[in-house]
K.L.:
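First, the structure itself, so that you have it in front of you.
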Amino acid sequence: MSLKIYNTLTRKKEEFKTLQPGKVSMYVCGPTVYDKAHVGHAMSALVFDIVRRYLEYLGYEVHHVTNYTDVDDKIIQRAAVEGVEPLTVAERYIKEFDRHLHDLNILPASEYPRATEQIDNIVKSVAELVKKGYAYPKDGDVYYRVDKFPDYGKLSGRKLEDMEAGFRIEVDSRKEHPLDFALWKAAKTGEPSWPSPWGNGRPGWHIECSVMSQTCLGDQIDIHGGGNDLIFPHHENEIAQSEALTGKHFATYWMHNGMMQLSGAKMSKSVGNLVTIDSFLEKYEANVLRMMVLNSSYRGPLTFNEETIQHAQRALKRLRSALKPALPQENWQGGKDLKDRSKQVRELFRKTMDDDFNTAGTLGHIFDFVKDINQARDEGADQESLEAAQAVLKELTGVLGLKLDQEQAQAGEAGEFIDLLVEIRTRLREEKLWELSDLIRDKLEELDVILEDTPQGTTWQWK
RNA sequence: GGCGACGUAGCCAAGUGGUAAGGCAGAGGUCUGCAAAACCUUUAUCAUGGGUUCGAUUCCCAUCGUCGCCUCCA
């Protein structure tokens, strides 16, 4: 068995081979921090968190780098509107995004470089590109010369000729070729800027990723990831820059996640069809969003609406149903079967995840296992056997980043009163006063408290 | 106009050249004082039209439809 990854560069699933044995270098494009992040950004972070967790499960040491773009037009615009420094805006949303990553149970990257911390290296790289003839200065700007890079278009499957004929390219007479893109932008008044051989200015968007990737991970990396909206031009340009700079093949595997859809279109700021991570987490636990991501293919679009959220919530509840305690019976004999199934589900997990992180297929096997566990409990499995199987379930869902243990405090102010009501109701039930005990159950349900009567007594939980 | 992805049951969704996982919802049943939960049973010929093949949902072509990129974007 071996891991296969779909590579955007070749449009095929390829066997995963690292540059160095046992080690993976992975660069994932992070957000531009000019406003609150939405669940689409979260989706991307979740996808690559799952990739990273699985690689680590396989035993790889993963060097995971994600950047923050902290200087660009939108940040500057936003700062102007608010009357603050651009870096103040960037800093605020970086902090917020860090908090989101934590709340979403996303493992911290090894490094979080920022564009503004890499200006020296960026200037050096731009100068190098100019020196090598891949770039040319013009009125304080510096442009990349796409004509000079023969492989331009290899990631997105485009040809320069085709694109020239495209109707949306606006012609800038200062550029040699309409597709030449800015490596360095001359400073306008009031904008943050840094000195350079071409005058004061700031980096273009694409160069920062090439430079940060190289600085943190070296000339060549195993995996480069991001949303599929970055394939062109961003990642195409990164390849052009990096490979022109080093003369080496840049990233082996290019992975791209699909877009979060809301109301039939890509979730985005410009369309205005977005749900922020904050507003999502106010209403739902982080696992719900992760479940939505897991239940579909990472490369395809993911529809976000009330219905898909409900589905994810219920699926999560179903996984948790397998974690209930045993109801042992003396003559139970299914111990070996359950053990065999545990072993088998581990193998299936591995096999399915190896197929380009097929999380939806993997969930199918996990749900089968949930059924087996519940079945065993119904048949009277002992606590020890059941717990061994539950440990496997938690292990595998843990690799997917799900937290099945219910942390929600049943204590707290309301908790004590609910406990009291449950206790009274238990007495009533002992006295067979069904009408009153049902009344308590119904009224509590109206208050979002669900009671369940089990052989071990009554349990409750928030709806 | 160019490039790319996708179209599987009411919904979400996996998958295979030999008649299709799983979850949710629905129906019936077991259990329960009644419920809930759990368990059992049950629900599809895989967009359409051609082609290749002994045989295609799975391969090829066309058509229709949806989405993404070509401008900032996870």
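Letters go in sequence order (proteins before strands), and every chain restarts at 1.
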K.L.:
In whole Å, I'd like the distance from the CG atom of A:Asn295 to the C1' atom of B:C24.
P.N.:
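Rounded to whole Å, this separation is 9 Å.
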K.L.:
Report yes if a side-chain nitrogen or oxygen of A:Lys266 is closer than 4.0 Å to either non-bridging phosphate oxygen (OP1 or OP2) of B:A74; otherwise report no.
P.N.:
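Negative; the distance criterion is not met.
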K.L.:
Using the P atom as the point on both nucleotides, what is the distance between B:U32 and B:A44, in whole Å?
P.N.:
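It comes out at 32 Å once rounded to the nearest Å.
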K.L.:
For A:Lys269, which contact category applies under a 4.0 Å heavy-atom criterion: base, sugar-phosphate, or nothing?
P.N.:
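Result for A:Lys269 = nothing.
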K.L.:
Which value, in whole Å, describes the distance between the P atoms of nucleotides B:U66 and B:A37?
P.N.:
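Comparing P positions in B:U66 and B:A37 gives a spacing of 39 Å.
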K.L.:
Looking only at atom types and distance, does a side-chain atom of A:His102 sit under 3.5 Å from a main-chain N or O of A:Arg99, one as donor and one as acceptor?
P.N.:
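Not a single qualifying donor-acceptor pair exists.
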K.L.:
A:Leu302 has an atom CG; how far is it from atom P of B:A13, in whole Å?
P.N.:
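Going from CG in A:Leu302 over to P in B:A13 covers 8 Å.
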K.L.:
Give one of base, sugar-phosphate or nothing for A:Gly258, where a contact means two heavy atoms less than 4.0 Å apart.
P.N.:
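It contacts base atoms.
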K.L.:
Closer than 4.0 Å, any side-chain N/O of A:Asn358 to the OP1 or OP2 of B:G15?
P.N.:
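True: A:Asn358 side-chain N/O within range (under 4.0 Å) of B:G15 OP1/OP2.
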K.L.:
Salt-bridged, A:Arg341 to A:Asp368, with N to O below 4.0 Å?
P.N.:
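Answer for the salt bridge query: no.
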K.L.:
Within the 4.0 Å heavy-atom criterion, would you say A:Thr32 contacts the bases, only the backbone, or no part of the nucleic acid?
P.N.:
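Sugar-phosphate contact only - A:Thr32 comes under 4.0 Å of backbone atoms but never of a base.
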K.L.:
For the pair made of CZ in A:Arg425 and C1' in B:G33, what is the distance, rounded to whole Å?
P.N.:
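Whole-Å distance recorded here is 11 Å.
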K.L.:
Grab the CG-C1' distance between A:Leu402 and B:G23 for me, whole Å please.
P.N.:
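Rounded to the whole Å, the gap is 14 Å.
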K.L.:
Does A:Ala360 reach a base, just sugar-phosphate, or nothing at all? Heavy atoms under 4.0 Å.
P.N.:
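Base, at least one base atom sits under 4.0 Å.
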K.L.:
Using Watson-Crick or G-U wobble geometry with both distances under 3.5 Å, which nucleotide pairs with B:U57?
P.N.:
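B:U57 is paired with nothing.
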K.L.:
Mind calculating the distance between NE2 (A:His365) and P (B:G23) to the nearest angstrom?
P.N.:
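Rounded to whole Å, this separation is 12 Å.
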K.L.:
For the aromatic rings, using the six-membered ring if either is Trp, is the centroid distance between A:Tyr57 and A:Phe349 under 6.0 Å?
P.N.:
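So the answer is yes for these two rings.
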K.L.:
With rounding to whole Å, what would you report as the distance between B:G65 and B:A74 at their C1' atoms?
P.N.:
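It works out to 27 Å between them.
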K.L.:
Over how many whole Å does the gap from A:Phe367 atom CZ to B:A13 atom P extend?
P.N.:
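From A:Phe367 CZ to B:A13 P: 14 Å.
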K.L.:
Closest-nucleotide mapping onto RNA chain B: is A:Arg429 or A:Ser321 further toward the 5' terminus? I mean the 5' end.
P.N.:
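Taking each residue's closest nucleotide, the earlier one in sequence belongs to A:Arg429.
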K.L.:
How is A:Glu445 classified with respect to the nucleic acid when contacts are heavy atoms under 4.0 Å: base, sugar-phosphate, or nothing?
P.N.:
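No contact.
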K.L.:
Could you tell me whether A:Asp49 and A:Arg53 have a side-chain N and a carboxylate O separated by less than 4.0 Å?
P.N.:
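Counted as a salt bridge, because a side-chain N and a carboxylate O are separated by less than 4.0 Å.
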K.L.:
Just to be sure I understand the rule, does A:Arg441 reach a base, reach only the sugar-phosphate, or reach nothing, if contact means heavy atoms closer than 4.0 Å?
P.N.:
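A:Arg441: base contact, heavy atoms under 4.0 Å.
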K.L.:
Roughly how far apart, to the nearest Å, are B:U58 and B:U52 at atom C1'?
P.N.:
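Between the two C1' atoms, the distance is 14 Å.
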K.L.:
State which of B:A37, B:A74, B:C34 makes the closest approach to the side chain of A:Met43.
P.N.:
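Per side-chain heavy atoms of A:Met43, the pick is B:A74.
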K.L.:
How many Å lie between NZ on A:Lys317 and C1' on B:A37, as a whole number?
P.N.:
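It is 8 Å, rounded to the nearest whole Å.
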K.L.:
Using the C1' atom on both, measure B:G4 against B:A38 and round to a whole Å.
P.N.:
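One C1' to the other, the span is 46 Å.
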K.L.:
Under 4.0 Å between a side-chain nitrogen and a carboxylate oxygen: does that hold for A:Asp405 and A:Lys394?
P.N.:
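Between A:Lys394 and A:Asp405 there is a salt bridge, with a charged N closer than 4.0 Å to a carboxylate O.
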K.L.:
A:Asp438 near the nucleic acid: base, sugar-phosphate alone, or nothing, with a heavy-atom cut-off under 4.0 Å?
P.N.:
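Base, at least one base atom sits under 4.0 Å.
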K.L.:
Of the nucleotides B:C34, B:A74, B:C11, which has the atom closest to the A:Glu307 side chain?
P.N.:
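From the listed options, B:C11 comes nearest.
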K.L.:
From the set B:C70, B:A74, B:C72, return the single nucleotide nearest to any side-chain atom of A:Phe232.
P.N.:
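Given the options B:C70, B:A74, B:C72, the side chain of A:Phe232 is closest to B:C70.
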K.L.:
Using atom P of each nucleotide, how far apart are B:A13 and B:U8 to the nearest Å?
P.N.:
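That atom pair is separated by 8 Å.
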K.L.:
Determine the contact category for A:Ile231: base if any of its heavy atoms lies under 4.0 Å from a base atom, sugar-phosphate if only primed atoms, P, OP1 or OP2 are that close, otherwise nothing.
P.N.:
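Touches nothing.
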K.L.:
What's A:Ala265 touching, base or sugar-phosphate or nothing? Going by heavy atoms closer than 4.0 Å.
P.N.:
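Sugar-phosphate contact only.
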K.L.:
Using the P atom as the point on both nucleotides, what is the distance between B:A27 and B:U43, in whole Å?
P.N.:
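B:U43 and B:A27 have their P atoms separated by 16 Å.
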K.L.:
If I take atom CE in residue A:Met260 and atom P in nucleotide B:C67, what distance separates them, rounded to the nearest angstrom?
P.N.:
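Distance, rounded to whole Å: 18 Å.
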K.L.:
Going by an N to O cut-off under 4.0 Å, is there a salt bridge joining A:Arg78 and A:Glu82?
P.N.:
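Yes, A:Arg78 and A:Glu82 are salt-bridged.
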K.L.:
Of A:Gly264 and A:Gly157, whose closest RNA chain B nucleotide lies nearer the 5' terminus?
P.N.:
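On the 5' side of the pair lies A:Gly157.
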K.L.:
Base, sugar-phosphate, or nothing: which does A:Ser297 touch, judged by heavy atoms less than 4.0 Å apart?
P.N.:
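Answer is sugar-phosphate: A:Ser297 comes under 4.0 Å of backbone atoms only.
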K.L.:
Taking the same atom, C1', in B:A62 and in B:C69, what whole-Å distance lies between them?
P.N.:
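B:A62 and B:C69 have their C1' atoms separated by 24 Å.
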K.L.:
So what does A:His234 hit on the nucleic acid, given a heavy-atom distance under 4.0 Å: a base, only sugar-phosphate, or nothing?
P.N.:
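Since no nucleic acid heavy atom lies under 4.0 Å of A:His234, the category is nothing.
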K.L.:
Charged N to carboxylate O below 4.0 Å: is that the case for A:Asp438 and A:Arg441?
P.N.:
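Yes, charged N to carboxylate O under 4.0 Å.
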K.L.:
Would you say B:C24 has OP1 or OP2 under 4.0 Å from some side-chain N or O of A:His311?
P.N.:
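Looking at the OP1 and OP2 atoms of B:C24, neither is under 4.0 Å from any side-chain N or O of A:His311.
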K.L.:
Where does the angle between the aromatic ring planes of A:His235 and A:Trp254 fall among parallel (under 30°), tilted (30 to 60°) and perpendicular (over 60°)?
P.N.:
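The arrangement is tilted - the two ring planes meet at 30° to 60°.
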K.L.:
Does a side-chain N or O of A:Arg299 approach OP1 or OP2 of B:C67 to a distance below 4.0 Å, or not?
P.N.:
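Checking A:Arg299 against B:C67: no side-chain N or O falls below 4.0 Å of OP1 or OP2.
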K.L.:
So, is A:Gln375 near the phosphate of B:C40, with a side-chain N or O under 4.0 Å from OP1 or OP2?
P.N.:
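Yes, such a contact exists.
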K.L.:
Counting any heavy atom closer than 4.0 Å, what does A:Gly364 reach on the DNA or RNA strands: base, sugar-phosphate only, or nothing?
P.N.:
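Here A:Gly364 touches the bases of the nucleic acid.
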K.L.:
Does any donor-acceptor pair link the side chain of A:Arg158 with the base of B:C69 at a separation under 3.5 Å?
P.N.:
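Side chain to base: pair present.
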K.L.:
Counting any heavy atom closer than 4.0 Å, what does A:Asn257 reach on the DNA or RNA strands: base, sugar-phosphate only, or nothing?
P.N.:
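The residue A:Asn257 makes base contact.
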K.L.:
Looking at every strand, decide which applies to A:Glu452 at a 4.0 Å heavy-atom threshold: base, sugar-phosphate, or nothing.
P.N.:
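Base, at least one base atom sits under 4.0 Å.
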